[in-house]
Amino acid sequence: MEDRLKNLKNSIKKTVLQDLIFTEEHKKSIRHRIQQLPETSEEQILLAVFQLLKQRRTGFELSRLIRARGIKKYENEEGFLYMTLHKFEHRGYLDTFWEEPDVKYYQLSKKGLTILTKLEKNTYGKATILKEILER
């Protein structure tokens, strides 16, 4: 865990959470409920990827940000993320930029921004738009 997060966690323990006491049974119940949460759908994952790539990012940065959103699909399987990025690049949804000898950046192209706008505005047509993204 990064130092910033450790410091935040310690700060919260000292202030907000100092008066809360959780029994082992309560902790077990919370863990069980977390495990019962539905997995993130393919649509939510793609929307998150497109939203995060409004800005130029490396695959590593994108992976961290996706994980921070609670999406575990690419955890320990970063190769799948890069395959997805490669597919989107070839379909024209992403522009890529090389900086330094080995650092590749990804960012939504105009076509990708158009798709993202449609996804964010049109809740009823999301399935159609996502099908278009995945099957082209």
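Position 1 is the first residue of the sequence; numbering continues from there.
Inter-residue side-chain proximity for R57 and Y106 is flagged as unmet; no heavy-atom pair is nearer than 4.5 Å. Using a 4.5 Å heavy-atom threshold, the side chains of D95 and S109 count as touching. R64 places a side-chain heavy atom less than 4.5 Å from the side chain of F60.
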Apply the test side-chain contact (heavy atoms from CB on, under 4.5 Å) to residues F97 and K104: give CA-CA distance (whole Å), side-chain angles for both, the deciding distance (0.1 Å), then the verdict. CA-CA 6 Å; F97 312 90; K104 187 174 185 179; over 6 Å; no
Decide yes or no on side-chain contact (heavy atoms from CB on, under 4.5 Å) for I115 and Y93, but give the supporting numbers first. CA-CA 8 Å; I115 294 289; Y93 300 128; 3.8 Å; yes
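With hydrogens and angles disregarded, a donor-acceptor distance shorter than 3.5 Å links the side chain of T114 to the backbone of K110.
For the side chain to side chain donor-acceptor pair (under 3.5 Å) test, residues two or more places apart in sequence or in another chain that qualify with E61 are T58. Judged as a salt bridge (Lys or Arg N to Asp or Glu O under 4.0 Å), and not counting sequence neighbours, the contacts of R67 are E78. In this structure T96 satisfies the side chain to side chain donor-acceptor pair (under 3.5 Å) test together with E89, sequence neighbours excluded.
The line from CG of L53 to CZ of F88 is 9.0 Å long, rounded to the nearest 0.5 Å. The distance from the CG atom of L113 to the CG atom of L108 is 5.0 Å, given to the nearest 0.5 Å. Annotation: the span from K87 atom NZ to M83 atom CE amounts to 8.0 Å, rounded to 0.5 Å. For the atom pair CD of Q55 and CG of L65, the computed distance is 9.0 Å after rounding to the nearest 0.5 Å. Rounded to the nearest 0.5 angstrom, R69 CZ and L52 CG are separated by 4.0 Å. Atom CG of L62 is separated from atom OH of Y82 by 8.0 Å, given to the nearest 0.5 angstrom.
Other residues, nucleotides and ligands contribute over 12 non-hydrogen atoms within 6.0 Å of the CD atom of E99.
The two residues L81 and G59 have their closest heavy-atom pair at CD2-O, 3.8 Å. Closest heavy-atom contact between L47 and L116: CD1-CD1, 3.8 Å.
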